Participant: 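Below is the structure I would like to discuss, written out as structure tokens.
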Amino acid sequence: MARARRTSWVWIVFAAVVGAMLITAATFVAVRLTAALPRPTIAISVPDTLVVGPSGTPAIPVPTRGSFALATSMDGTVATRDPSGVHPIGSVAKAMTALIVLTEHPITSGAPGPSVTMTGADVLLYRQAVAEGGSNIRVRAGEVLTERDLLLALLLPSADNIAETLAVWVSGNRATFIARLNATAAAMGMEQTHFADPSGLSAGTVSTAADLVLLARAVVANAALAGLVETRQATLPGGTLLRNLDILIGTQPGWLGIKTGWTGVAGCCLVFAADMSYGAGRVVTVWGAVLGQPPLTSGDPAHPELGEAFVSARGAAVAALNQYAAVDVAGTSPDVSGSISTRWGASALLVVAKHGPDVVVVRAGSVMQLRVSVVASRAPIASGGVVARVIGVLNVGTSVTWDVVSSNAIATPSPWWKLFSA
């Protein structure tokens with residue numbers, strides 16, 4: 001009886017051991033078959049940079065004397081000559097006067113704004129401008145002009161007396177307005193600019209080309225003022241015809257004007273802007289300033305003193321805008337090579353996938369910085385499946401991505417490999 005019991009226990013223990021072994025084996029098989037596969041080895045060779053855009057474009061010409069600065073909406077400053085040299089600026093100062101007038105009394109583009117009645121004091125300002133040999137527009141006591149009329153008289157024929165009239169209208173007196181001119185310049189970062197008067201006739205009204213590029217940007221950003229400075233001519237209510245001294249307006253494509261300036265001390269000065277469209281709403285704008293230029297007999301026969309500034313500004317702006325082009329950067333794919341391989345023997349080459357058009361405006365010789373981002377690190381991977389991406393960054397606002405794909409499928413390994421080779 002006892003022996004039968006012992007035999008029974010042996011079989012029970014044997015069955016338990018076998019069962020445990022089977023459970024262990026089943027667990028082992030399940031774990032191996034469902035375990036995460038080892039990551040494939042991905043090797044990608046990508047250059048650090050890619051040159052895009054046109055080549056062989058001419059350099060941006062700069063004047064041989066005076067001060068000059070040119071900036072673009074794509075790249076910031078692109079050309080200079082003594083940009084921090086401090087010079088008298090002549091009537092270029094009136095662009096800041098107009099900006100302050102419109103800040104205090106904003107109007108929409110084309111709107112007349114409030115009416116201003118000319119007084120005996122305004123007539124005296126006119127006579128003073130005549131006596132000083134400054135540019136002027138005659139006014140009569142009791143004459144009613146709108147804010148827009150006054151700004152056009154200030155900006156187109158560059159009337160010194162109108163600058164003085166507007167200063168008193170806005171601030172109540174000349175000294176308070178001049179203080180505001182200087183405070184506004186400081187707030188705009190025009191650190192080497194000083195205004196001694198609202199018109200620029202004073203040799204004490206000085207600035208630099210670099211500072212005046214900041215002013216040019218502010219003028220173009222103000223829609224009402226931008227519309228005024230690119231007006232070719234206008235007529236006041238009394239019949240006085242106003243012609244813009246900037247002869248490039250209406251003759252040079254894309255020219256936005258801004259403000260001319262000249263005195264015997266300042267020489268020929270110009271603050272300007274221009275733009276060019278590259279299609280589909282892609283526009284590049286240039287802003288520039290040129291100071292201390294000599295007179296030139298060509299250009300506007302009525303104002304030869306302004307000629308050299310026009311020549312310098314036009315040549316630089318045209319050259320700068322011609323250095324840009326609309327380019328399909330996606331079609332200019334980088335030289336990418338690579339492969340993907342697995343421990344179970346599956347492998348494939350990596351190639352750059354065809355990319356739809358991605359057109360941006362770029363400057364000649366622009367360099368795109370490249371980096372790689374791996375996106376698929378586990379099998380299976382289909383033929384043509386995205387394994388990585390190459391990301392090219394041209395500037396803050398421009399980037400493009402190329403897909404790097406597998407030339408053939410990468411299948412998962414067989415169950416046998418998973419059990420005994422993984």
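Everything quoted here is computed from the prediction, not taken from an experiment.
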Participant: Please tell me whether D197 and T205 have a donor and an acceptor in their side chains that are separated by less than 3.5 angstrom.
Facilitator: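 Their side chains do contain a donor-acceptor pair, which is all the 3.5 Å distance test asks for.
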
Participant: Under a 4.5 Å cut-off applied to non-hydrogen side-chain atoms, are F310 and L270 in contact?
Facilitator: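 Yes. Closest side-chain heavy atoms under 4.5 Å.
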
Participant: Do the ring planes of W255 and F272 sit parallel (below 30°), tilted (30 to 60°) or perpendicular (above 60°)?
Facilitator: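 Judged by the thresholds at 30° and 60°, the geometry between W255 and F272 is parallel.
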
Participant: Checking S347 against S341: is there a side-chain donor and acceptor pair closer than 3.5 Å?
Facilitator: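 Looking only at side-chain atoms, S347 and S341 do not form any donor-acceptor pair under 3.5 Å.
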
Participant: Taking the side chain as everything from C-beta on, heavy atoms only, tell me whether Y324 gets closer than 4.5 Å to T72.
Facilitator: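 Side-chain contact under 4.5 Å: yes.
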
Participant: Just so I know, are the side chains of M118 and T165 near enough to count as touching, which here means a heavy-atom distance under 4.5 Å?
Facilitator: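 They are in contact (side-chain heavy atoms under 4.5 Å apart), so the answer is yes.
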
Participant: Do P63 and E308 have side chains that get closer than 4.5 Å, going by heavy atoms?
Facilitator: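 In short, these two side chains do not touch, never coming nearer than 4.5 Å.
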
Participant: What's the separation between atom NE2 in H87 and atom CD1 in I89, rounded to the nearest 0.5 Å?
Facilitator: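 Rounded to the nearest 0.5 Å, the NE2-CD1 separation comes out at 11.5 Å.
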
Participant: I need the minimum non-hydrogen distance between S73 and V283, along with the two atoms involved.
Facilitator: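 Here S73 and V283 meet closest at OG-O, 4.2 Å.
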
Participant: Any side-chain heavy atom of E104 within less than 4.5 Å of one from R180?
Facilitator: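 Heavy-atom side-chain distance check passes, below 4.5 Å.
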
Participant: How many angstroms lie between atom CG of L124 and atom CZ of R127, to the nearest 0.5 angstrom?
Facilitator: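 Spacing of CG (L124) from CZ (R127) equals 6.0 Å.
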
Participant: Below 4.5 Å, heavy atoms only, C-beta onward: do L350 and I42 meet side chain to side chain?
Facilitator: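 Yes, close enough: below the 4.5 Å cut-off.
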
Participant: Supply the atom-to-atom distance I162 CD1 to W169 CH2, rounded to the nearest 0.5 angstrom.
Facilitator: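 Reported value, rounded in 0.5 Å steps: 12.0 Å.
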
Participant: Would you say the side chain of H194 lies within less than 4.5 Å of the side chain of L181, judging by non-hydrogen atoms?
Facilitator: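 No. Closest side-chain heavy atoms not under 4.5 Å.
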
Participant: Under a 4.0 Å threshold between the charged nitrogen and the carboxylate oxygen, would R232 count as salt-bridged to D246?
Facilitator: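 Between R232 and D246 there is no salt bridge, as every charged N stays at least 4.0 Å from the carboxylate O atoms.
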
Participant: Are V62 and T80 side-chain neighbours, meaning at least one heavy-atom pair lies under 4.5 Å?
Facilitator: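 A side-chain contact is absent here, since even the closest heavy-atom pair is not under 4.5 Å.
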
